[in-house]
Protein chains: 2
Amino acid sequence: MKKTILFYGLAMAALIFLLKYLEYRLFVHDLSTEFYVGIIAVMFTALGIWVGLKLTRKKIVMVNPAFVQDEQQVQRLGISRREFEVLELMAAGLSNQEIADKLFVSLNTVKTHTSNLFLKLEASRRTQAVQKAKKMKLIP
Amino acid sequence: MKKTILFYGLAMAALIFLLKYLEYRLFVHDLSTEFYVGIIAVMFTALGIWVGLKLTRKKIVMVNPAFVQDEQQVQRLGISRREFEVLELMAAGLSNQEIADKLFVSLNTVKTHTSNLFLKLEASRRTQAVQKAKKMKLIP
DNA sequence: AATCAATTCATACTTTCGGGTGAAGGCTTT
DNA sequence: AAAGCCTTCACCCGAAAGTATGAATTGATT
């Protein structure tokens, strides 16, 4: 930051020097006002661009890449709507009974869904199923 | 992009108009050259800054934030070295028996570790423990 | 040396999971 | 209407997971 200010100061000094020089030439050699103005405009535009870049150069923001569900994967694996709901709750750490309560279905129904999920995800444990589902971008 | 160019063009037109106006004032009211130059300099610096910002505005790079383990959390929860190993393997979807084989200890030992983990993570199931551990930045 | 935490293991018991099978009702497609 | 999928549910059984309690060993700390 200190360097930036120093550079800016030096650049300003150089510019003012240039301006004075041009001003001197203007009266001595009768350069046209348009030309003089043009030079100034170009110089200060360049200066502005430089400052603008300085201001935003290092703003590489760390952004969590938004999760995008791979819909195609879900379809490819033939995972149904209900099965997916169960998968989500499973990933949230709920037990089959809790899932059953949350979805207003019986424990047996949830078991059926989980069994089907394990087949489709080629898993044999819920932890594994969740881990695979995350790797496949099915869930965040 | 087209909009940017259009805006730039319009801004330029407005500036030239302003310049001509100022030029007119210069000769009519005898404004000092320094003042005139100053106005131009400020305007074009502003223009340059604006252009510079435009050029770099959208460089928000999507970077996967590297995982940094929250060592303090691990200590705060009083999770021991061995328990942490078990936690990692658990998160990888391994069963207690598989963890036992991998660490060359008995199944009962793994059960002890998992039980302690559940207490420390305030979980009652391995899926829940894994989910919480991830949220707490204990594991990736 | 005594203490403490960590690690290891055991036994016993309860709960949850997962696998297998079957089946009924609803909805869509052919 | 028949076939096919989804959803729902049931029952059984064995395996895995989780709970509780106790205990031996080791390494570090005091």
Side-chain angles (χ1 to χ4, degrees), chain A residues 69-136 138-139, chain B residues 69-136 138-139:
Chain A
Q69 194 214 44
D70 195 340
E71 185 63 47
Q72 297 179 351
Q73 284 280 304
V74 180
Q75 297 219 335
R76 195 177 60 75
L77 295 170
I79 294 173
S80 71
R81 216 162 296 113
R82 206 56 162 168
E83 283 164 358
F84 192 80
E85 288 184 73
V86 171
L87 176 60
E88 288 178 313
L89 295 175
M90 207 160 72
L94 302 198
S95 70
N96 286 340
Q97 186 60 63
E98 288 170 330
I99 294 171
D101 293 343
K102 191 154 270 183
L103 297 181
F104 300 107
V105 294
S106 83
L107 174 59
N108 290 306
T109 304
V110 175
K111 281 187 170 190
T112 306
H113 290 322
T114 55
S115 280
N116 289 332
L117 274 170
F118 294 151
L119 284 177
K120 291 169 182 176
L121 291 171
E122 296 177 72
S124 48
R125 276 174 294 286
R126 47 186 43 228
T127 28
Q128 212 173 46
V130 169
Q131 191 230 355
K132 285 200 172 191
K134 291 195 177 189
K135 194 169 286 178
M136 292 188 205
L138 304 183
I139 51 177
Chain B
Q69 195 214 43
D70 196 339
E71 184 64 46
Q72 295 178 353
Q73 283 281 305
V74 180
Q75 296 218 336
R76 196 178 59 76
L77 295 171
I79 294 174
S80 70
R81 218 162 296 114
R82 206 56 161 169
E83 284 164 356
F84 192 79
E85 289 183 73
V86 171
L87 175 60
E88 289 179 311
L89 296 175
M90 208 160 71
L94 302 198
S95 68
N96 285 341
Q97 186 60 64
E98 288 169 331
I99 294 171
D101 293 344
K102 192 154 268 182
L103 297 181
F104 300 106
V105 294
S106 83
L107 174 59
N108 290 306
T109 304
V110 175
K111 282 187 170 188
T112 305
H113 289 321
T114 55
S115 280
N116 289 332
L117 275 171
F118 295 150
L119 284 176
K120 290 168 183 177
L121 291 172
E122 295 178 73
S124 48
R125 275 172 294 287
R126 47 185 43 228
T127 29
Q128 210 174 49
V130 169
Q131 191 236 354
K132 286 200 172 192
K134 291 194 178 191
K135 193 171 285 176
M136 291 187 203
L138 304 183
I139 50 177

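Proteins get letters first, then strands, A, B, ... in listed order; numbering begins at 1 in each.
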Whole angstrom value for the distance that separates P of C:dA5 from CZ of B:Phe84: 22 Å
Full working for salt bridge (charged side-chain N to carboxylate O under 4.0 Å, His left out) between B:Glu88 and B:Lys102: CA-CA 12 Å; B:Glu88 289 179 311; B:Lys102 192 154 268 182; over 6 Å; no
Side chain of A:Thr109 (C-beta onward), nearest among D:dC9, C:dC9, C:dG19: D:dC9
A:Asn96 side chain near C:dC17 phosphate (N/O to OP1/OP2, under 4.0 Å): yes
Sugar-phosphate only, base, or nothing, as touched by B:Asn108 at under 4.0 Å among non-hydrogen atoms: base
Closest nucleotide among C:dC9, D:dA10, C:dG19 to the A:Phe118 side chain: C:dG19
Side chain of B:Ser115 - closest among C:dG19, D:dT7, D:dT19: D:dT19
Atom pair distance, as rounded to whole Å: CG in B:Leu121 and C1' in D:dG18: 15 Å
Whole-Å distance separating the CZ atom of B:Arg82 from the P atom of D:dT25: 19 Å
Distance-only polar pair, side chains of B:Thr112 and B:Ser115, donor-acceptor under 3.5 Å: no
Rounded distance (Å) that lies between atom C1' of D:dT8 and atom CG of A:Leu103: 12 Å
Under-4.0 Å side-chain N/O to phosphate OP1/OP2 contact, A:Arg81 with D:dC6: no
B:Gln128 vs B:Phe118, side-chain contact (heavy atoms from CB on, under 4.5 Å): CA-CA, chis, key distance, verdict: CA-CA 9 Å; B:Gln128 210 174 49; B:Phe118 295 150; over 6 Å; no
Distance, rounded to the nearest Å, where A:Asn116 contributes CG and D:dC5 contributes P: 12 Å
Nearest heavy atoms of B:Leu117 and B:Glu83, plus distance in Å: CD1-O, 3.3 Å
Per A:Ser80 side chain, nearest of listed nucleotides D:dC9, D:dA17, D:dT7: D:dT7
Minimum-distance pair of heavy atoms, taken over all atoms of B:Arg126 and B:Leu94: NH1-O, 2.9 Å
Phosphate-side-chain proximity, A:Arg125 and C:dC17, N/O vs OP1/OP2 below 4.0 Å: no
Upstream residue (5' side of DNA chain C) when B:Gly78 and B:Ser106 are each assigned their closest nucleotide: B:Gly78
Heavy-atom donor-acceptor pair, A:Thr112 side-chain to D:dC9 base, under 3.5 Å: yes
Nucleotide of C:dT8, C:dC17, C:dG18 approaching A:Ser95 most closely (side-chain heavy atoms): C:dC17
Nearest-Å distance for atom pair NZ/P, residues B:Lys120 and D:dG18: 16 Å
Closest to the B:Lys111 side chain, choosing from C:dT8, C:dG18, D:dG18: D:dG18
Step-by-step side-chain contact (heavy atoms from CB on, under 4.5 Å) determination, B:Leu121 to B:Leu87: CA-CA 10 Å; B:Leu121 291 172; B:Leu87 175 60; 4.1 Å; yes
Between C:dT7 (C1') and B:Glu85 (CD): distance, integer Å: 11 Å
Side-chain N or O of A:His113 closer than 4.0 Å to phosphate OP1/OP2 of D:dT8: yes
Nearest-angstrom distance from the residue atom CG of B:Leu94 to P of D:dA15: 20 Å
